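Worksheet: the structure to be examined is printed underneath.
Please read all numbers here as calculations on a predicted model, not as lab measurements. Below, each value reflects all heavy atoms present in this structure, side chains not excepted, and no hydrogens, waters or symmetry copies. Order of the sequence lines fixes the chain letters, A, B, ..., with proteins taken first and strands second; residue numbering starts at 1 for each chain.
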2 protein chains.
Amino acid sequence: MRWLTPEEQRAWRGFVRLHERLGGRLGRLLQSESNVSPADFAVLVHLTDTPEGRQRYQDLARALEWEKSRMSHHIARMAGRGMVVREDCLEDARGAFVVITDVGRAAVEAAAPRHVEAVRELFLDHVTPAELRVLAELSERVIGKLDEDVS
Amino acid sequence: MRWLTPEEQRAWRGFVRLHERLGGRLGRLLQSESNVSPADFAVLVHLTDTPEGRQRYQDLARALEWEKSRMSHHIARMAGRGMVVREDCLEDARGAFVVITDVGRAAVEAAAPRHVEAVRELFLDHVTPAELRVLAELSERVIGKLDEDVS
DNA sequence: TAGACGTAGTTGACACTTCACCCAATGTCC
DNA sequence: GGACATTGGGTGAAGTGTCAACTACGTCTA
C-alpha cells in the first residue's frame with residue numbers, strides 16, 4: 001500500500017486545514033457582524049447574480065452543490081425570516097422559484113463589503129499573484145477531473 | 001469599496017469549490033465503503049497517532065480544531081457505537097481521556113487504505129509536485145497569519 | 001486559607017444536514 | 001392514449017454542530 005509522502009501530506013493537510021480555518025473565521029464574521037449564516041449569504045449572493053433576483057430551486061442547488069432536500073429546508077427557514085419567498089413556476093407545475101425580497105437584498109448589501117474585505121485581509125493579502133494563478137489553475141483542473149469521473 | 005479582481009475571484013472561488021467537492025466525495029466514500037463519518041475518521045486517525053491510542057479531550061479538540069462541546073457530544077456518540085471509551089484522568093480530576101477500542105482500531109484500519117487511495121486518485125494525481133509545493137507553502141503562510149491575528 | 005479567577009468537560013436547546021421515502025407533473029415509447 | 005421511468009420538489013426523523021449556561025476542579029494571591 002502506497003502511503004502519502006511527506007510533501008504530499010504537507011500539501012494535503014495544509015489545504016484542508018486552510019479551508020477549515022478560513023471558512024470558520026469568515027463564517028463567524030458573517031454571523032456576528034451581519035447576522036447572516038454562510039449558507040444564507042451564499043444563497044443571497046447567487047440570487048442577486050440574476051437580473052430578476054430569482055432562480056429555480058434546482059439551479060440554485062446545482063450552483064451551490066447542495067442536495068435538493070437541504071435546499072428545500074433551508075429556503076423554508078429563510079422564507080420564515082423574510083429574506084426570500086417561494087414562487088410557483090408556470091411553465092413547469094412541478095417546479096418553483098426562490099425570489100429574494102427587499103429584506104434579503106438589504107442583508108447581502110450590508111454583509112458583502114465586510115466579507116470581501118475579510119477575504120482580502122485574511123487570504124488574498126498573503127498570497128502572491130503567481131501563487132494565486134497556480135491555485136486557480138490547479139483548482140479548475142482537479143474540479144474538471146471530478147466532473148469527468150461522475151459521467 | 002474594492003471588489004475582487006477577476007483573477008482573485010477565480011482563485012478564491014476555485015479554492016472554496018475544490019474543497020467542497022473533494023471533501024464531499026471523500027466523505028461520502030468513507031461513509032459508504034467503511035461506515036465511518038469523516039469526523040469519526042479524523043478522531044480515530046489522531047488517536048492511532050499516539051502510542052497508547054489515548055488523548056486528552058482538549059488536545060484532541062485543539063488538533064482537530066473542534067470546540068470542546070462538539071468533542072464532548074461526538075465522543076459520546078462514538079462511545080455509544082463502541083469505537084472509543086472515555087477514561088477519567090488521575091493527575092487532573094477535571095480532565096478525561098478518549099481511548100480507542102479494538103473496534104475503533106479495526107474501523108480505521110479498514111478505512112484508511114481506501115481513503116488514501118482516493119485522495120491520490122481524486123487530487124494528488126492531477127497536481128504536479130511544483131504546484132503541490134506552492135500549495136503547501138501558501139497554506140502554511142496563510143494559516144500562520146491567521147494564528148497571529150488571534151494573539 | 002478564603003476568595004477570585006481560570007480550565008476541563010458536560011448539558012440542553014436549538015439550528016442545520018442527511019437519509020429515506022413520498023408525491024405530483026412531465027417525458028417517452030409502444 | 002396508457003404504462004413506465006424520470007424529474008422537481010417536500011417531509012419527518014435521526015444525526016450533527018453551536019451556543020450559552022453549568023459543574024467541578026485547579027491555581028493564584030491577598
Side-chain angles (χ1 to χ4, degrees), chain A residues 19-21 23-44 54-99, chain B residues 20-21 23-33 35-44 54-99:
Chain A
H19 185 271
E20 279 169 1
R21 294 295 207 82
R25 278 283 266 276
L26 292 170
R28 280 189 296 275
L29 206 128
L30 273 174
Q31 188 75 47
S32 65
E33 297 199 0
S34 313
N35 208 34
V36 168
S37 77
D40 295 339
F41 187 70
V43 168
L44 295 174
R54 50 197 264 129
Q55 263 202 293
R56 288 288 295 265
Y57 272 65
Q58 218 204 350
D59 296 342
L60 208 48
R62 245 194 300 277
L64 298 176
E65 306 183 41
W66 286 8
E67 303 191 354
K68 58 187 181 172
S69 143
R70 176 177 180 186
M71 189 56 71
S72 186
H73 282 303
H74 200 95
I75 293 302
R77 284 188 300 258
M78 288 182 74
R81 278 173 285 157
M83 310 185 106
V84 296
V85 256
R86 199 200 118 95
E87 230 176 57
D88 287 331
C89 176
L90 300 177
E91 300 89 53
D92 186 336
R94 295 170 297 186
F97 288 98
V98 186
V99 190
Chain B
E20 279 169 1
R21 293 295 206 83
R25 278 283 266 275
L26 292 170
R28 280 190 296 275
L29 206 128
L30 272 174
Q31 188 75 45
S32 66
E33 297 199 0
N35 209 35
V36 167
S37 77
D40 296 338
F41 187 70
V43 168
L44 294 174
R54 50 197 267 129
Q55 264 203 290
R56 288 288 295 267
Y57 272 64
Q58 215 203 353
D59 296 341
L60 208 48
R62 245 195 300 278
L64 298 176
E65 305 182 44
W66 286 7
E67 304 192 352
K68 59 188 181 172
S69 141
R70 176 178 180 185
M71 189 56 70
S72 185
H73 283 304
H74 200 93
I75 294 302
R77 286 189 297 256
M78 287 182 74
R81 278 173 284 154
M83 311 183 108
V84 296
V85 255
R86 199 200 119 94
E87 230 176 57
D88 286 332
C89 176
L90 301 177
E91 300 88 55
D92 186 337
R94 294 170 297 186
F97 287 98
V98 186
V99 190

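Residue A:His74 is the one, among A:His74 and A:Arg94, whose nearest nucleotide of DNA chain C lies closer to the 5' end (criterion: closest heavy atom). Comparing A:Gln31 and A:Ala96 along DNA chain D, the residue whose closest nucleotide (by nearest heavy atom) sits nearer the 5' end is A:Ala96. The residue among B:Arg70 and A:Ser72 whose nearest nucleotide of DNA chain D is located toward the 5' end is A:Ser72.
Exactly one of B:Arg77, B:Met71, B:Arg70 qualifies for a side-chain contact (heavy atoms from CB on, under 4.5 Å) with B:His73. That residue is B:Arg77. Of the options B:Arg86, B:Glu87, B:Gln55, a side-chain contact (heavy atoms from CB on, under 4.5 Å) to B:Phe97 is made by B:Glu87 and by none of the others.
The shortest distance between side-chain heavy atoms of B:Trp66 and B:Val43 falls below 4.5 Å. In this structure, the side chains of B:Arg81 and B:Asp40 come closer than 4.5 Å at one or more pairs of heavy atoms.
A:Leu90 places its CG atom 11 Å from the P atom of C:dT26, with the value rounded to the nearest Å. When rounded to the nearest whole Å, the span between CZ of A:Phe97 and C1' of D:dG9 equals 14 Å. Protein atom CE of A:Met71 is 11 Å distant from nucleotide atom P of D:dG10, rounded to whole Å. Regarding B:Met78, its CE atom lies at a distance of 16 Å from the C1' atom of D:dG17, rounded to whole Å. A:Gln58 has its CD atom 11 Å from the C1' atom of D:dT6, to the nearest Å. Rounding to whole angstrom units, CG of residue B:Leu64 and P of D:dT16 are separated by 15 Å. The distance between atom CG of B:Leu60 and atom P of C:dT10, rounded to the nearest whole Å, is 12 Å. Rounded to an integer number of Å, the gap from NZ of B:Lys68 to P of D:dT23 is 14 Å.
The two atoms that bring B:Arg56 and B:Gly95 nearest to each other are NH2-CA, 3.3 Å, heavy atoms only.
Counting non-hydrogen atoms under 4.0 angstrom, A:Arg77 reaches a base of the nucleic acid. Within 4.0 Å (heavy atoms only), A:Arg86 reaches sugar-phosphate atoms of the nucleic acid but no base atom. Residue contacts shown for B:His73 include a base, since a base heavy atom lies under 4.0 Å away.
Under 3.5 Å, the side chain of A:Ser37 and the base of C:dC16 form no donor-acceptor pair of N or O atoms.
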